[in-house]
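Along the sequence shown, the residues carry numbers beginning at 1.
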Amino acid sequence: MNKTILITGGAGFIGSNFVPYFCQKYPDYHVVNLDKLTYAGNLDNLRECTDMDNYTFVQGDICDVALLEKLFEQYDIRGVIHFAAESHVDNSITGPRPFIETNILGTFNLLETARKHWLSAPNQYKEGFENCRFHHISTDEVYGTLGDEGLFEETTPYAPNSPYSASKASSDFLVRAYFHTFGMNVTTSNCSNNYGPKQHPEKLIPKIISNCLAEKAIPIYGDGKNIRDWLYVLDHCKAIDLIYHNGKAGETYNVGGRNERNNLEIVRTICKILDEKHPRKNGKYAELITFVKDRAGHDKRYAIDASKLEKDLGWKAQETFDTGIVKTVEWYLK
């Protein structure tokens, strides 16, 4: 049986942690990694894969329908794990259009190409294609914001507040529609904030680390009390692997680390680790903290209830924030 799987956005942060993990774990899969290599994609992050026989890189855009059709034909793609997305909220405020194009249209193009390749009619897979699956990676931001109490569950109503989260919500609904209308074998995962090796320096944790090392001010939005649930990237990769192989068709699974921290706590933790591992010549890193004007429409708190994933598929986060953040800082120092 052909086991060729298309991974989109595999040169991005989460994708470039997932692809080497997946290629090593499943030598019988042929992984085709399609990435546009925007500013957020980096082939250096996939150096582990260059000599792997079961890995192929293709530079291209999920908005290019002709390319998608060619790849599905050429490699006879039997599964999709869809990471490719514009994901930086600040960028979606200054320039929303690429978010709409990549996250909505790109996802639609992928679904439509897969449907034509795998199904002969609604609810009718072609012979030999019955096990083809489309897994879509999304975010907890589609649920909006939480008060001081409560957690996002799979049944939480969608209430996206930024152009980024609105575009991801739209893509989630397209995936859902392809299950309910066409009987396509789809799964979706909505994850909390990821951190770990290979993350782009625009994001909070790498930005704090690089500013510390450059002795530059560490900017914190508003009062620094915005809370996120932090998930170590390799724990997320293992969750995606489980859902792709064992998840129930049509289902959504929330992935979270049960590690709520406010932004100020994150910064202070990193400063403390760096004080030990890479001390400043004068003073402590925390002296670099500066408060800046809050982000427009900044959600107060996100937190995920991952109990469905834990109960149904046996997933458990292996890193706590305290262990994962040390590994992360050490990776950036190296």
Side-chain angles (χ1 to χ4, degrees), residues 12-14 40 83 85-100 102-104 136-173 188-196 199-208 218-233 236 252-270 289-307 309 317 321 325:
F13 163 45
I14 305 172
F83 290 96
E86 292 284 344
S87 74
H88 193 45
V89 177
D90 287 352
N91 294 350
S92 85
I93 296 168
T94 52
R97 183 173 298 278
F99 290 76
I100 306 308
T102 299
N103 299 359
I104 303 177
H136 172 60
I137 285 117
S138 189
T139 168
D140 58 359
E141 298 194 33
V142 296
Y143 300 122
T145 186
L146 287 165
D148 296 335
E149 298 292 311
L151 299 169
F152 292 135
E153 296 171 5
E154 287 81 0
T155 51
T156 301
Y158 275 35
N161 290 326
S162 70
Y164 160 60
S165 53
S167 69
K168 288 300 285 186
S170 307
S171 65
D172 293 8
F173 285 147
T188 298
S189 53
N190 295 74
C191 67
S192 57
N193 281 35
N194 280 228
Y195 71 100
Q199 191 167 22
H200 190 276
E202 71 187 359
K203 300 286 190 172
L204 180 70
I205 286 175
K207 193 183 191 109
I208 297 166
I218 307 166
I220 297 187
Y221 283 131
D223 60 4
K225 298 282 169 63
N226 299 70
I227 293 171
R228 299 293 179 263
D229 176 8
W230 291 90
L231 173 65
Y232 190 66
V233 65
H236 185 200
T252 292
Y253 297 88
N254 280 348
V255 193
R258 296 186 192 272
N259 284 297
E260 287 186 55
R261 297 283 190 285
N262 72 40
N263 290 346
L264 203 51
E265 290 173 308
I266 299 282
V267 176
R268 289 193 171 133
T269 303
I270 292 170
I289 295 172
T290 49
F291 292 91
V292 298
K293 186 173 181 288
D294 207 355
R295 164 194 282 168
H298 197 177
D299 290 335
K300 187 72 190 154
R301 175 175 169 258
Y302 306 149
I304 280 242
D305 180 355
S307 50
L309 178 63
F321 186 76
I325 195 65

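Neither side chain, E86 nor Y164, offers a donor N or O lying under 3.5 Å from an acceptor on the other.
Under the 4.5 Å side-chain criterion, counting only non-hydrogen atoms from C-beta, H236 is in contact with I137.
Proximity of a side-chain donor or acceptor of D229 to a complementary backbone N or O of R258 within less than 3.5 Å is detected. Between the side chain of N194 and the backbone N or O of S192, at least one donor-acceptor pair lies under 3.5 Å. Distance alone, capped at 3.5 Å, is enough to place a donor-acceptor pair between the N190 side chain and the T139 backbone.
Considering CG of N226 and NE2 of H298, their distance stands at 4.0 Å, rounded to 0.5 Å. For the atom pair CG of N263 and CD1 of I289, the computed distance is 11.0 Å after rounding to the nearest 0.5 Å. Of the inter-residue distances, the one linking I227 atom CD1 with D299 atom CG reads 12.5 Å to the nearest 0.5 angstrom. Considering CD1 of I208 and CZ of R268, their distance stands at 12.0 Å, rounded to 0.5 Å.
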Check residues 145-158 and write down every donor-acceptor pair under 3.5 Å in which the side-chain atom is one partner and the other belongs to a residue at least two apart or another chain.
{"unit_1": "T145", "atom_1": "OG1", "unit_2": "K300", "atom_2": "N", "d": "2.9"}
{"unit_1": "T145", "atom_1": "OG1", "unit_2": "R301", "atom_2": "N", "d": "3.4"}
{"unit_1": "E154", "atom_1": "OE2", "unit_2": "N254", "atom_2": "N", "d": "2.8"}
{"unit_1": "T156", "atom_1": "OG1", "unit_2": "E153", "atom_2": "N", "d": "2.7"}
{"unit_1": "T156", "atom_1": "OG1", "unit_2": "E153", "atom_2": "O", "d": "3.0"}
{"unit_1": "Y158", "atom_1": "OH", "unit_2": "D172", "atom_2": "OD2", "d": "2.7"}

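Under the 30°/60° scheme for interplanar angles, the aromatic rings of Y232 and Y195 are found to stand perpendicular.
Every side-chain hydrogen bond (donor to acceptor under 3.5 Å, both in side chains) that N103 has, sequence neighbours left out, goes to S167.
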* Show your reasoning for whether side-chain contact (heavy atoms from CB on, under 4.5 Å) applies to V142 and F173. => CA-CA 11 Å; V142 296; F173 285 147; over 6 Å; no
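Shortest non-hydrogen contact noted between P201 and P206 is CA-CB, 3.9 Å.
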